[in-house]
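Right, one structure below, let's go through it.
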Amino acid sequence: MLFGSEVHDIIEEVITYYLKTERVPSEEQLTERVKDRMNRAFIHSTRHLDDWLNKPKHWDMLHEIYYGESRLPSDKVSKMKSRLEVVIAHFLSSRTFQDILNKEKMQFIEAENFRHLMVGQLKVFVVLDLVYKDKEQNKWIIVDWKTGKKSEEDPYQLALYALYLQEAFSIKDLDDIVIRNEYLLEGTYEEHQLTPVTLEKVQELMGMSVDRMFDYLEEPGINRPLSIESFEQTTDTRKCSRCNFLEFCFPSKEPRS
């Protein structure tokens, strides 16, 4: 998760830097930047537990280190290193970045900023990786960078972003919006044209998800949850190693001292 987050941050920085200077850092420079940030996260996790507990927004904490490992599993480190060079290279050659480099008539809206839209009485926050308008085609392009594998849910996530864009900029025709997933691990992209049926399905899925979350609240108005006994433990223990709430279910899995 941290790897994906750091790659997203680097991409945002590169695009912002290019729009200001028309220069692009080398692939090697970008790779080293991500490595440095991953190493910093390891140092934070192993040496600054108290700092993280006091100010978690300012310090990194890796799940594996928090739960007692003195070092990261070698297979994860190896996977990260092999993926890093691939995703950086694929970003630089991606359809979206090539558009940025080669098209003059483009209007950039925002990158990685929190925004929200109202769905009924619910405020839904969205984080858009990149939005721009191709003035030559008169199309709004919503881009989501993916550092992992494809998922059937990817287009639905972007459709939620399209709801925000449609509302924020009063876009009447869905044909004017294109949603694009850039799969950096594979070096491919997929575009989807939205339909009213797609947006209805997204809103339906979101409504079902919200209803399910409300079922676990004792007082929704103040976001007070039911007692911990109301949250059934999973029977798929493979999920436990990735769960942020591991110590609640297994007291023996206490964080390192």
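Along the sequence shown, residues are numbered consecutively beginning with 1. It should be emphasised that the depicted structure is a prediction, and the values quoted were computed from it without experimental measurement.
Annotation for Gln98: atom CD counts as buried by contact number, over 12 foreign heavy atoms lying within 6.0 Å. Counting heavy-atom neighbours within 6.0 Å of Gln193 CD, excluding the residue itself, gives a total above 12. Other residues, nucleotides and ligands place more than 12 heavy atoms under 6.0 Å from the CD atom of Gln107. Within a 6.0 Å sphere centred on NZ of Lys81, other residues, nucleotides and ligands contribute 12 heavy atoms or fewer. In the displayed structure, Lys201 atom NZ is contacted under 6.0 Å by at most 12 heavy atoms of other residues, nucleotides or ligands.
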Quiz item: Taking it one step at a time, do Glu186 and Lys150 satisfy salt bridge (charged side-chain N to carboxylate O under 4.0 Å, His left out)?
Solution: CA-CA 9 Å; Glu186 301 173 2; Lys150 293 181 182 180; 3.8 Å; yes

Exercise. Check step by step if salt bridge (charged side-chain N to carboxylate O under 4.0 Å, His left out) holds for Arg83 and Glu6.
Key: CA-CA 13 Å; Arg83 287 188 174 191; Glu6 297 295 359; over 6 Å; no

Quiz item: After noting the C-alpha distance and the side-chain angles of Gln137 and Lys105, does the key distance pass the side-chain hydrogen bond (donor to acceptor under 3.5 Å, both in side chains) rule?
Solution: CA-CA 9 Å; Gln137 300 183 32; Lys105 296 182 179 180; over 6 Å; no

Quiz prompt | Step-by-step side-chain hydrogen bond (donor to acceptor under 3.5 Å, both in side chains) determination, Thr31 to Glu85 | solution = CA-CA 6 Å; Thr31 300; Glu85 294 184 3; 5.8 Å; no

Quiz item: Under the side-chain hydrogen bond (donor to acceptor under 3.5 Å, both in side chains) criterion, do Asp129 and Tyr161 qualify, and how do the steps go?
Solution: CA-CA 10 Å; Asp129 284 355; Tyr161 299 165; 6.0 Å; no

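From Glu219, atom CD reaches atom CG of Leu226 across 10.5 Å, with rounding to the nearest 0.5 Å. Note that CG of Asp154 and NZ of Lys149 are 13.5 Å apart. Values are rounded to the nearest 0.5 Å.
Under the salt bridge (charged side-chain N to carboxylate O under 4.0 Å, His left out) test applied with Arg95, the options Glu182, Glu191, Glu190 reduce to a single match, Glu191.
The side chain to side chain donor-acceptor pair (under 3.5 Å) pairs that include a residue from residues 50-63 are His48-Asp51, where partners are two or more places apart or lie in different chains.
Under the 4.5 Å side-chain heavy-atom criterion for ILVMFWY residues, no single connected hydrophobic cluster contains both Val86 and Val77. In the hydrophobic clustering of ILVMFWY residues, with side-chain heavy atoms under 4.5 Å counting as a link, Tyr189 and Leu194 come out apart. In the hydrophobic cluster analysis, where Ile, Leu, Val, Met, Phe, Trp and Tyr join through side-chain heavy atoms closer than 4.5 angstrom, Ile171 is grouped together with Val131.
Across all their heavy atoms, Ser230 and Tyr216 have their closest contact at O-CE2, 3.3 Å. Here the shortest heavy-atom pairing between Leu2 and Ala41 reads CD2-CB, 3.2 Å.
Ring pair Phe108/Tyr132 is tilted by interplanar angle, where 30° to 60° counts as tilted.
Looking only at side-chain heavy atoms (C-beta outward), Leu174 and Pro196 come within less than 4.5 Å of each other.
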